[in-house]
Asker: 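Pasting a structure here, questions to come.
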There are 2 protein chains.
Amino acid sequence: MTSSLTACELEVMQILWEHGELKPAQIQEKHPRPIKNAALRFQLKILLQKGHISRRKVGKAYYYQAVTAKKGALKKMARHLAQVYCQGSTVGLIAELIKTEKLSPQDLRQLQRLAESKDEA
Amino acid sequence: MTSSLTACELEVMQILWEHGELKPAQIQEKHPRPIKNAALRFQLKILLQKGHISRRKVGKAYYYQAVTAKKGALKKMARHLAQVYCQGSTVGLIAELIKTEKLSPQDLRQLQRLAESKDEA
DNA sequence: GAAAAAGTGTAGATTTTTCTACATATGAGC
DNA sequence: GCTCATATGTAGAAAAATCTACACTTTTTC
């Protein structure tokens with residue numbers, strides 16, 4: 001199913017994406033807000049159930065790591081955004097962002113080159 | 001506060017963004033899933049409280065319309081996405097989308113021109 | 001091998017979100 | 001001014017998400 005991530009779950013996923021394989025106490029330390037060990041472990045349990053992470057036993061502790069890739073999650077979110085705000089058009093979404101976000105000339109040139117090189121491929 | 005939108009609230013906002021000013025029964029009809037009148041009205045109540053919509057009385061009914069602009073909401077969501085997936089870099093987010101999304105040559109050229117014209121401005 | 005340290009499991013409690021049911025109000029038409 | 005269809009208001013239930021507290025297990029260390 002790998003259903004979508006809630007805000008709290010995302011906090012945990014971000015840590016795992018950045019740091020790889022960790023045990024609960026380590027995730028707890030890096031957590032953006034103070035969270036009790038058991039509360040964090042509840043999030044891990046849910047993420048396991050949803051299939052977003054996996055764990056393996058090392059010594060007496062379980063180590064957790066992301067299964068759902070960061071890029072995949074981004075892609076999914078972007079699709080959702082396009083659905084809601086641009087009638088499902090991805091290119092519409094990208095265009096809208098280019099139009100409305102503050103971008104430096106360097107940024108714009110970078111994007112130009114990127115589109116160019118991908119067009120040629 | 002204008003705090004962020006839940007999935008259910010977003011369903012309602014989408015309808016109001018598309019159709020302008022409507023009364024509950026009309027929103028109910030256009031709702032993507034079957035929803036009871038009172039349940040829908042509860043969503044409207046929350047959206048009012050959060051300041052995302054306003055209402056005015058016409059005859060005996062209230063008509064609701066979006067206060068929070070669609071583009072503003074998109075911007076906010078995009079910022080959030082950039083925060084989570086690209087260390088807060090908007091241009092990083094756009095680049096990632098161009099790289100990973102399937103885009104036709106026409107799409108790519110359109111984006112190129114867009115970046116170009118914005119660069120010149 | 002007993003005690004301390006570090007870890008796990010899990011049963012409720014709380015909070016937030018969402019829905020249901022029903023009582024009450026209002027405007028149109030006769 | 002009644003009546004009926006259409007609205008609204010609201011109390012409380014249900015469901016989902018999150019947290020707390022505490023008991024139990026496994027290493028490690030002395």
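The structure displayed is predicted, hence computed values, not measured ones. In what follows, chains carry the letters A, B, and so on, assigned in the order in which the sequence lines appear, proteins first and then strands, with residues in each chain numbered from 1.
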Asker: Step by step, work out the salt bridge (charged side-chain N to carboxylate O under 4.0 Å, His left out) result for B/Lys70 and B/Glu18.
Answerer: CA-CA 9 Å; B/Lys70 185 173 167 179; B/Glu18 186 173 356; over 6 Å; no
Asker: For B/Arg109, enumerate each residue passing the side chain to side chain donor-acceptor pair (under 3.5 Å) test, keeping only those at least two apart in sequence or located in another chain.
Answerer: A/Asp119
Asker: Return the CG to NZ distance between A/Leu97 and B/Lys75, rounded to the nearest 0.5 Å.
Answerer: 10.0 Å
Asker: Group every Ile, Leu, Val, Met, Phe, Trp and Tyr by side-chain heavy-atom contacts under 4.5 Å, then state whether B/Tyr63 and B/Leu22 land in the same group.
Answerer: no
Asker: When you measure from the side-chain N and O atoms of A/Gln43 to the phosphate of D/dA17, is any distance below 4.0 Å, counting only OP1 and OP2?
Answerer: no
Asker: Rounding to an integer number of Å, can you tell me how far A/Gln49 CD sits from D/dA17 P?
Answerer: 11 Å
Asker: Rounded off to whole Å, could you give me the CZ-to-C1' distance for the B/Phe42 and D/dA16 pair?
Answerer: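 About 13 Å, once rounded to whole Å.
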Asker: Could you check how far NZ of B/Lys23 sits from C1' of D/dT8, rounded to whole Å?
Answerer: 12 Å
Asker: Could you give the CG-to-P distance, from B/Leu22 to D/dT8, as a whole number of Å?
Answerer: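 Distance check: B/Leu22 CG to D/dT8 P gives 12 Å.
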Asker: Considering only nitrogen or oxygen atoms on both sides, find all protein atoms under 3.5 Å from nucleotides 22-30 of chain D and state each distance.
Answerer:
none

Asker: Along DNA chain C, 5' to 3', what are the outermost nucleotides having an atom less than 4.0 Å from a heavy atom of chain A?
Answerer: C/dA5 to C/dT10
Asker: Hydrophobic cluster membership, with links at side-chain heavy-atom distances under 4.5 Å among I/L/V/M/F/W/Y: are B/Val67 and B/Leu16 in one?
Answerer: no
Asker: Need to verify one output field. Residue with the more 5' nearest nucleotide on DNA chain D, A/Ile35 or B/Pro24?
Answerer: B/Pro24
Asker: Take the protein atom OH of B/Tyr62 and the nucleotide atom P of D/dG9, then report the distance between them rounded to whole Å.
Answerer: 5 Å
Asker: Please check this pair: side chain of B/His19 against backbone of B/Lys30, looking for a donor-acceptor N/O pair closer than 3.5 Å.
Answerer: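 It does not hold such a pair.
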Asker: Find the distance B/Leu44:CG to D/dT8:P and express it as a whole number of Å.
Answerer: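 From B/Leu44 CG to D/dT8 P: 9 Å.
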Asker: Does A/Glu11 offer a backbone N or O that forms a donor-acceptor pair with the side chain of A/Gln14 under 3.5 Å?
Answerer: no
Asker: With no hydrogens and no angle check, is any side-chain donor or acceptor of A/Gln28 less than 3.5 Å from a backbone partner on A/Ile35?
Answerer: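 Yes; judged by distance alone, with no hydrogens or angles, the pair exists.
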Asker: Quickly, which of B/Arg55, B/Arg56, B/Gln26, B/Lys23 forms a side chain to side chain donor-acceptor pair (under 3.5 Å) with B/Tyr64? Name it, please.
Answerer: B/Arg55
